[in-house]
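If you're wondering where the values come from, they're calculated on a predicted model, not measured in any experiment.
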Amino acid sequence: MTIGTTVLGYPRIGPDRELKRALERYWAGKIDEAALLAVGRELRQRTWLDLRDAGLDSIPSNTFSHYDHVLDTAELFGALPARPGLSRLDTYFAAARGIQDAPALEMTKWFDTNYHYLVPELGPDTEFTLAGTKPLDEYREARALGIETRPVLVGPVTFLLLSKGIGGFDPLDLLDALLPRYADLLARLHDEGVEWVQLDEPAFAADRTEAELNALIRAYHWLGKAAARPKLLVAGYFGGLGRGLGVLARAPIDALAVDLVTDESFVDAVAAEPALRDKEVLAGVVDGRNVWRTDPQRALSRAATLLGVAKSVSVATSCSLLHVPYDVTREDLHPRLASWLSFARQKVDEVVLLGRALQGESPDLTAARAAVADRASAAELADSAVRDRLAALPDVARVPYAERAAAQAALGLPPLPTTTIGSFPQTLDVRRARAAHRAGTLDDAGYAAAMRAEVERVIRLQEELGLDVLVHGEPERNDMVQYFAEQLTGFATTAHGWVQSYGSRCVRPPILYGDVSRPAPMTVEWARYAQSLTAKPVKGMLTGPVTILAWSFVRDDQPLGETARQVALAIRDEVHDLEAAGIRVVQVDEPALRELLPLRQSRHDEYFAWAVSAFRLATSGIADATQIHTHMCYSEFGEVLPAIDALDADVTSIEAARSKMEVLTDLNEGGFGRGVGPGVYDIHSPRVPSADEVASLLRTAVGAVPASRVWVNPDCGLKTRGYAEVEPALRNLVAAAREVRAELD
C-alpha cells in the first residue's frame, strides 16, 4: 500500500499554546507529571483526529515532543546524561534546561529555521540502548482511536551529524553502534503492525563529505535489509539532497520524500534519477515553512514532472508543518490578505486537493487560483517613495574601528564593562498592563505611566547592581520582531499565529507582505526617558534587518536582499533618531545572521553580500562616538565569522556560556579585532551561575582576547526569566567582572 497524500509533521505546542502553559506550570511545581502528560495526550489526539478528518491518506505520529525531537531521540537511545535522584521526565528536562548543579545541553538552530534543538553530547564511551518506547506508545495511542499512523524518527545519520563529539570525538564513528538499536526499534514497530516508518535525514540538504555520504549508504543498506521492519520512508527536506538523492534512490528503502519548494532546480534532478522507478516519491510541493497560499498550477506542474519516474507519486508538504501557525481562520486579518495565506490547517487541505488532482480527479481549485492571481497583481504592495530613497542613498562607510574606539572612550567605561543584552523579566504586572491596553481597558496615558514606572524600576535596579551600560528593560515590547512589525508599513501581525522556537518558547512571526517604511519613531521616547534617569549610558535597543526577515514570514515575490534593504532603511532612521535624542550606545541585534545562511556553500557569498550590506546600511551615517553593538546567540559562529567581522559593529555579544567559550577559538582564528562580549550567563536555564563560575569563564575569555576588548554580559535577553533568578545572577556577574578586572592591574 502506498503512503499517499500526507504531511511530514504538524505543530505540537497547541493552538492556544496549551503545552507551553502546562510545561511552565509543571516546572513551577503547580501541576504534577500526570497532569502534564494528560495535556500532551489531548493535543496528540486532537491532531490525529483533525488530520484524519481532513482526508489525508497517511497520518504521522511521534511528531509530538515535550521539548525537542532531537532530545527525544537522544533519550530514546539512552544518550542523555544521568541525573541520579530525578525521575525520567525530570532527567529529560534537566538536559534541556539545566539544574543548579549541572548545566543544560547546548542549543542551536535546526538547520536554517527559527526552531532550535538540543545538541546531544556523544563520546567513545557512549553506549546506545533502546531505552524508551515513545514511538510505540504514541502509535498505540492513535490506534486506540481507530487511526493508523506512520511513526516519525530523526534518521540515524542526521542524529549523529547534529550531535557534538566530546573531546574532539567524531559522533559518526558511533554509526555501527547506533544502527542495531534503530533496527531493534523497527522490529518492535513491525511486530506491533506498523506498516510505514518515516526516517528524517534533512542533514543532506547541506554540503556533505564523502565520509558522510558513505555513512548514509551504510545506514540505509543496513536498515533496508533488516529482516523484520516496516516499510521505510526517508524524508529529505530544507533543500535538494545533492548526491544524497542518488544514495537514497539506490538504497533498499520503499519511499523517498523530496522538497520541491526550497530549490526549484531539484525537480529536474529527481526527474532524472532512474533508480526511483521502484519507489514511491512524496513530492513536497506545499511549502511547510512559509504562509503563502500554494499556487496549484506550479505545484501540480512540479509533481507531475515525476510521474512515470517513480513507481508512484503522492503530494506532501516540503517539510514538517512545525514551522507555521495552526489556522488562519482564527485571525482577524484583512480579508484580502487572509485569502493569500495558508497556515498548517489550510496546508493540509491543499495537500489533499492537490493529491486528488494529481491522481486525475477534478477538485475545485478556483479559489486558490484566484487568490494567487490577486496577490500577484496587487500593485499597491510597492511603495515608490521607499524605492526612490534606497536608489538615491549614498554608500557611507564608517571610519576604521581604531578611530571610532578613540572617540568612544568618552563613554568613560572601565575595563571589562558590564551590561545586559536588552530585555528584563516581564512581570505579571507588566503583562497585565499591556493586555489591558490592548483590550482598551487601560488608556494610553495609564499605559505609558505603567511602562515608565517599570523603566525607572529597572534603571534603579541596574544602578544598584553596578552595571556599567544600562538598558531600559523593554517592558513595552511583546517580542523583539513583532514590536517593530506593528509600527512598520508592509507588515501584518496575528493574534494566534504562534510557532514553537524551542521548548515552551513560542513566537508569533509577523507577515511581511509589502514594501516597508517607518512612519514614526518606534523606541526613541522610551530610550530618552531611561537616559534621563541616570548618568550612566543607556543602550538604544533595535532588531536588525536580517533578524526581522528571519523571524517573519516574508514575501516571496522579490529577492530577500531587496526586502532586507527596505527594512534596513527603516532601522537606519531609528538609529539616527536615537542618536539625535542623546543615546550614545545603540544595539542592533542580529541573532539570526547564522540562521538564514544557506545550507549550500555555493550560495553563501550571495547571502553574505546582502545580509552584511543591510546591517551596514542600518548603522550608517552616524557619529564616530556613537557605539554600535550587535548580538548573536545559539549559532555555530565559525561559518559566519567573516560576515560578523564585515558587519563592523564596535561590540559583538555572542552566546558562549553553554559552549564554555569555545567560540573564542573561532574569533581568534578569524582575526576578529573589535569588542566582544562572550556570554557568561546562560539565560535559557533557570540555574544561577556562581560568581566563581562566571569569573572562570571570564578568565578564559581574557586569556583568548585582549581584556581591552572584552565585555561582560549574559548570553541573551532576560525577558523569559524571573527576578528571583536574574538579580542574584547579575550580582554574581558584576562581582566576577570586578574580581577579574582587579587581576588585570
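The distance from atom OG of Ser314 to atom CG of Leu306, rounded to the nearest 0.5 Å, is 11.0 Å. Taking OG1 of Thr47 as the reference point, atom CZ of Phe64 lies at 9.0 Å (rounded to 0.5 Å). With rounding to the nearest 0.5 Å, the separation of CH2 in Trp222 from CG in Leu179 is 6.0 Å. Distance check, rounded to the nearest 0.5 Å: CG of Leu248 to CZ of Arg243 gives 12.5 Å. Going from atom OG1 of Thr126 over to atom CD1 of Ile166 covers 5.5 Å, rounded to the nearest 0.5 Å. Tyr220 contributes atom OH, which lies 6.5 Å from atom CG of Leu223 (distance to the nearest 0.5 angstrom).
At a threshold of 4.5 Å between non-hydrogen side-chain atoms, the residues Pro171 and Phe159 do not count as touching. Between Cys319 and Arg289 the shortest side-chain heavy-atom distance falls below 4.5 Å. Within the 4.5 Å cutoff, no side-chain heavy atoms of Val567 are placed close to those of Phe484. Residues Pro510 and Val481 are in side-chain contact: their nearest non-hydrogen atoms beyond the backbone lie under 4.5 Å apart. Residues Leu199 and Ile253 form no side-chain contact, since every pair of their non-hydrogen atoms from C-beta on lies 4.5 Å or further apart. You'll find the side chain of Leu232 reaches within 4.5 Å of the side chain of Leu186, heavy atoms only. The side-chain heavy atoms of Leu260 and Arg298, taken from C-beta on, include no pair separated by under 4.5 Å. No side-chain heavy atom of Asp254 sits less than 4.5 Å from a side-chain heavy atom of Lys279.
The distance between the ring centers of His69 and Tyr115 falls below 6.0 angstrom. Between Tyr182 and Phe77, the ring center distance clears the sub-6.0 Å criterion.
Taking a cutoff of 4.0 Å between a charged side-chain nitrogen and a carboxylate oxygen, Asp263 and Arg600 do not qualify as a salt bridge. Between Arg555 and Glu562, no side-chain nitrogen of the basic residue sits less than 4.0 Å from a carboxylate oxygen of the acidic one, so the salt-bridge criterion is not met. For Glu264 and Arg302, the salt-bridge test passes: some basic side-chain N is under 4.0 Å from an acidic carboxylate O. Salt bridge annotation for Glu273-Arg250: present, with a cationic side-chain nitrogen under 4.0 angstrom from a carboxylate oxygen.
Under the 30°/60° scheme for interplanar angles, the aromatic rings of Tyr502 and Tyr67 are found to be tilted. By the 30° and 60° cut-offs, the orientation of the rings of Phe93 relative to His66 is perpendicular.
At a cut-off of 3.5 Å, with distance as the only test, a side-chain donor of Ser342 or Glu350 sits close to an acceptor on the other residue. Between Arg12 and Gln500, the side chains place a donor N or O and an acceptor N or O closer than 3.5 Å (distance only, hydrogens not considered). With no hydrogens or angles considered, no side-chain donor-acceptor pair links Glu138 and Ser61 at under 3.5 Å. Side-chain contact annotation: Trp551 with Gln482, donor-acceptor N/O pair under 3.5 Å absent. A donor-acceptor contact under 3.5 angstrom links the side chains of Thr262 and Asp259, judged on distance only. Between the side chains of Asp50 and Tyr10, not a single donor N or O lies within less than 3.5 Å of an accepting N or O. In this structure, a donor-acceptor pair under 3.5 Å is absent between the side chains of Arg508 and Thr494. When only modelled atom types and interatomic distance are considered, Thr158 and Glu201 share a side-chain donor-acceptor pair under 3.5 Å.
A donor-acceptor pair under 3.5 Å is absent between the side-chain atoms of Arg565 and the main chain of Ser613, judged by distance alone. Although no hydrogens or angles enter the test, the distance criterion places no donor-acceptor pair under 3.5 Å between the side chain of Lys164 and the main chain of Leu105. Remark: the backbone N or O of Gly9 is not paired with any side-chain donor or acceptor of Thr63 at under 3.5 angstrom. In this structure a side-chain-to-backbone donor-acceptor pair under 3.5 Å is missing from Asp645 to Leu641. Side chain of Gln566 to main chain of Val516: a donor-acceptor pair is present (N/O by atom type, distance under 3.5 Å, no hydrogens or angles). Judged by distance alone, with hydrogens and angles left aside, the side-chain atoms of Asp112 form no donor-acceptor pair with the main-chain N or O of Leu597 at under 3.5 Å. A distance-only check finds a donor-acceptor pair linking the side chain of Glu212 to the backbone of Thr209 [under 3.5 Å]. Under the 3.5 Å distance criterion, the side-chain polar atoms of Trp292 are matched with a main-chain donor or acceptor of Val554.
Gly288 approaches Leu321 most closely through the heavy-atom pair CA-CD2, 3.8 Å. Val324 approaches Asn290 most closely through the heavy-atom pair CG1-O, 3.8 Å. The heavy-atom pair separating Val119 from Ser163 by the smallest distance is CG1-C, 4.1 Å. Taking both residues in full, the closest heavy atoms of Ala485 and Phe491 are given as O-CB, 3.4 Å, listed atom of the first, atom of the second, then distance. Looking at every heavy atom in both residues, Ala643 comes nearest to Leu593 through CB-CD2, 4.2 Å. Nearest approach of Gly14 to Leu43, heavy atoms of both residues: CA-CD2, 3.7 Å.
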Handout entry: Evaluation steps, salt bridge (Lys or Arg N to Asp or Glu O under 4.0 Å), between Arg218 and Asp176
Key = CA-CA 9 Å; Arg218 193 160 78 252; Asp176 290 339; 3.0 Å; yes
Exercise for the section: Please step through side chain to side chain contact (heavy atoms under 4.5 Å, CB included) for the pair Val285 and Thr294, ending with a clear verdict. Expected result: CA-CA 8 Å; Val285 294; Thr294 302; 5.8 Å; no
Exercise for the section: Apply side-chain hydrogen bond (donor to acceptor under 3.5 Å, both in side chains) to the pair Asp589 and Thr543, showing each step before the final yes or no. Expected result: CA-CA 5 Å; Asp589 286 346; Thr543 303; 5.4 Å; no
Problem - Verdict with supporting geometry, His496 and Phe343, ring-ring contact (aromatic ring centres under 6.0 Å, His included) - result: CA-CA 11 Å; His496 307 285; Phe343 290 1; over 10 Å; no
Exercise for the section: Determine, step by step, whether Thr6 and Arg150 satisfy the side-chain hydrogen bond (donor to acceptor under 3.5 Å, both in side chains) criterion, reporting the C-alpha distance in whole Å, the side-chain angles of both residues, the deciding distance to 0.1 Å, and the verdict. Expected result: CA-CA 10 Å; Thr6 192; Arg150 180 184 77 252; 2.9 Å; yes
Practice task
Run the numbers on Leu71 and Tyr117 for side chain to side chain contact (heavy atoms under 4.5 Å, CB included), then give the verdict.
Solution key: CA-CA 7 Å; Leu71 184 66; Tyr117 74 94; over 6 Å; no
Exercise for the section: Applying side chain to side chain contact (heavy atoms under 4.5 Å, CB included), run through Thr563 and Gln558 and close with a yes or a no. Expected result: CA-CA 7 Å; Thr563 305; Gln558 67 180 20; 2.8 Å; yes
Exercise for the section: Might you work through the side chain to side chain contact (heavy atoms under 4.5 Å, CB included) test for Leu153 and Asp200, ending with a clear yes or no? Expected result: CA-CA 6 Å; Leu153 303 165; Asp200 288 356; over 6 Å; no
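Cation-pi check for Arg17 over Trp498 is met; the charged atom lies under 6.0 angstrom from the ring centroid and within 45 degrees of its normal.
Residue Arg505 places its CZ atom among more than 12 non-hydrogen atoms of other residues, nucleotides or ligands, all under 6.0 Å distant.
Shown are Phe238, Tyr237, Phe553; of these, the ring pair (Phe, Tyr, Trp, His ring centres under 6.0 Å) with His323 is made only by Phe238.
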